[in-house]
Amino acid sequence: MAELLEVEDLKTHFVTRRAVVRAVDGITFTVRRGEALGLAGETGSGKSVAARSIMRIVREPPAKVSARRLALEGEDILGLGKARLRDMWGKRISMIFQDPSGYLNPLLTVGAQMTDVIRRHEGVSRRAALEAAADMLDMVGMPEPPSVLERYPFQLSGGMQQRVMIAMSLSCRPSLLIADEPTTALDVTIQAQIIDLLRRLKEKTSGLILITHDLAVIAGLCDTVAVMYAGKLVEKGPVGAVLGSPAHPYTRGLLEAIPDAGAARDSLPFVRGNIPSAIAPPPGCRFSPRCDLVTRECRELEPEWREVEPGHSIACHLAVCGGGAGVA
Amino acid sequence: MPDADAFLSVENLKKHFVKRDLFGREVQRLRAVDGVSFEVGRGEALGIVGESGCGKTTTAMMIMRLIEPTSGRVRLDGRDLTGLTGEQLRAVRPRFQMVFQDPGAALDPRMTVYDALEEPFRIQRKRATPDVIEGLMHRVGLDGEHLERFAHELSGGQKQRLVIARALAMEPALLVLDEPTSSLDVNVQAQILNLLGNLRRQMGLTYVLISHNLGVVRHVADRVAVMYLGRIVEVGPVGAVFASPLHPYTRALFSAIPSVRGGGERIVLEGDVPNPLRVPSGCRFRTRCPHSSPECSIGEPELTDRGNGHFVACSFA
Amino acid sequence: MGMTGARVNTSGRFERLRRACRTIRKRAGVSWYQLRRNRLTMVGLAIVMLLALVAVFAPFIAPYPGDEEGTSLGNRLKPPSREHLFGTDDLGRDVFSRVVLGARISLRVGVIAIGATMAIGIPIGAMAGFFGGWVDEAMMRLTDICLAFPHLMLALAISAALGSGLRSAMLAISLTWWPWYARLVRGQALQLRNQPFVYAARSMGATDADIILRHILPNCIGPVIVNASLDMGYIILATASLGFIGVGAQAPTPEWGLMVSTGRKFFLTSPWMALFPGLAIFVAVLGFNLLGDGLRDVFDPRSRPR
């Protein structure tokens, strides 16, 4: 089976007494075996909530997660109970986060934390677990793994902590690794090291979802990309196609707003306005209030998915088959 | 490279944090900034790039006189700022203002937008008329309806606009921008960068821009200085430095920047930045330099001119 | 032009006033909403409000407000009845009236002692935390010394010097209590002084006094209010215990601690004499503690259960 993760019409709504916040409002995508998917979006687009919903680590309630299909390796994971989920976490899906120091216990050594995870899932002896942990650290390019195992998180730099997190999350050979802004807190040269590492490790897992606001990181690491806006996906396809010839006005706007290290421009184009409220999203296309090419249709009807080239599709009324959106 | 027309001149600025034991003996010395010199002309924008811990923020804080330098001078428009204290310092403070990295933290959580905008006037014992406040908000593109909101009720971009408006209220000549957009989304970043560009053109401001985002520096700055472990290793016009970086560190730094176009060959540096408590002898980059040779451990290379104002501190570049 | 200018100005001033009102309402509104969600806090608030009302209107509530001296000895040690809700004491005084009048004394002592405590502790703490260095060192050693002083000893010493009475009790409490506030505010100031907004004010030319008054103190006020309301309870308790051992309020002051102390002798035969003032102390302390805990949840989101 080629599909590792199937997500169909995933919705995560936060139900409070006053309102329903539609953080994720019907997204559909698949991650194939051996593929790295980049989930891109601005702050508040719902990309992190989407990842946590797939992981099933959003707090329910107040969240309410629903989907027509949410399956990992063909098995439904939406209906799993607490105990089954605990077995799944770390072993079949694992996640790394933006701020590794917040997810490492400051009172335990790296070795203690890594062996905990390994022993939980593999049921091996402490010694075997320590050896496995050292191997993992070696794999993520950590110098002198045995000495690192004895250290406490605060004795490591940010880049080293992120390597430990990666080693830990890969220690039980999960099928799917979700990385939520793994390099945002790091310096550029360290970021480059981590991206390099993730690219090398891509083969070790069956699939990777990279969540980031930084399209450039996706360009350097992913095979496919899905762009999220206000709880919905607006464009998805192969990285080269989407970033090279973006078809959705939003994606295009985002790409143009990035200041270029190659050449200077007088002023940067940007998408006017703000992300709409997740409580009362605009009718029709959610991007319509900010779109320069908006038509009446856009304001009234929700756009269908259309393919602009093989494998590259957008949710936009202006897409005409075989070409990009009709843009001047 | 002394320059008579320099508006801001920084001379051999150092900040060492020294830890002493009970008897006043030095236990350790952290060289956060270790001899930085540069000049910025009137109306010019200088970008300072480098990784965290390279001393760029400490340099900015010393220019702002928010941290006392261990040694060195800062001159603004010919006037030595380092010697000023008390009332004299307060009197010149409006001339140089800072825009902070995290606009949320740079605003007092207990103040409304109105309070925050009025504060600079109150401090300088001036009257803030509604017209003036309105003018400021208009200048940075803030909506009048936000006046009663608290800082945490604004979006990131609005907060940064407010911080900029507060700085402009002092009618400064120099703005020190410390990572002004690093906490913002690209779309908002573009708007803030455009705003900063317009303000500079309209008001003839001088900028010192600190950023690790090379795209931002390329967009805003006229010249760029690259810092590594408390020193400038390369400085020059942005066009020249970006087109042909000379120092091995600059090259590695530039190649590490991911690009949506998926740039050229990547130079991935080994290891982390050395601890500023134990700065390597000789060239401080030699421990990570792909081209280091035994000579690099002897003597610290000085910035030397490679033509057209492009300076580099490497004996082999 | 001049006319429109003037009009703009007055409307501007009006606008500002209106804005200020709305801001206050908004600030209070947010906290009120959070406060209201917690039922126990509301119980605390109700108790404290009731106490305050009783204290203010004590002379009108107490059925026998004037009989400090004890009117008729024939009325001694009567158990609770319709005429005397809480019974009468050994001098024939109405215990209910004395408990009601005692609310006034306890609250006044609490407010004055807390006020004095804050007046000493907050400036010292703010300066120590903000300036750091030797200022911090000197002030913190002073607080250590004051903290090390047993407050009962100090109370005894003060009442020996100034004579026993509520004034000595308040003085003794304030002198031993302020270091807690100094420490609390110092800790806050220490964190706040490195906040970018403090740097921003400084770079605009704000003086140290300006920064302390405008930025440091307003941002410390939350925890201080929480502590003050928790401490109101303790101070009422401390006053009562000073009254109990005889160095606080003196007879015939209707002070709760003193009443418990007097009632102790008759506890086996007429338990109501000590019981009702004791209950009053318990309810008052509980009320302030519940309110204080609720306020902590409002001001300190980290302690708020979600």
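By convention in this document, chain letters (A, B, ...) are assigned in the order of the sequence lines, proteins followed by strands, and residues within each chain are numbered from 1.
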Side chain, backbone, both or neither of B:Asn194 within contact of chain A (heavy atoms, under 4.5 Å): side chain
Contacting region of B:Leu253 [heavy-atom separation from chain A under 4.5 Å]: both
Option in A:Val271, A:Val239, A:Ile195, A:Leu221 with maximal non-hydrogen atom pairs under 4.5 Å from chain B: A:Val271
Residue A:Arg163 versus chain B: region with a heavy atom under 4.5 Å: neither
Heavy-atom closest pair, residues B:Ile210 and B:Lys56: CD1-O, 3.3 Å
B:His247/B:Phe285 aromatic ring centres below 6.0 Å: yes
Straight-line distance of A:Asp223 CG to A:Leu37 CG, nearest 0.5 Å: 9.0 Å
Exam field: side chain B:Arg31 to backbone B:Val279, donor-acceptor pair closer than 3.5 Å: no
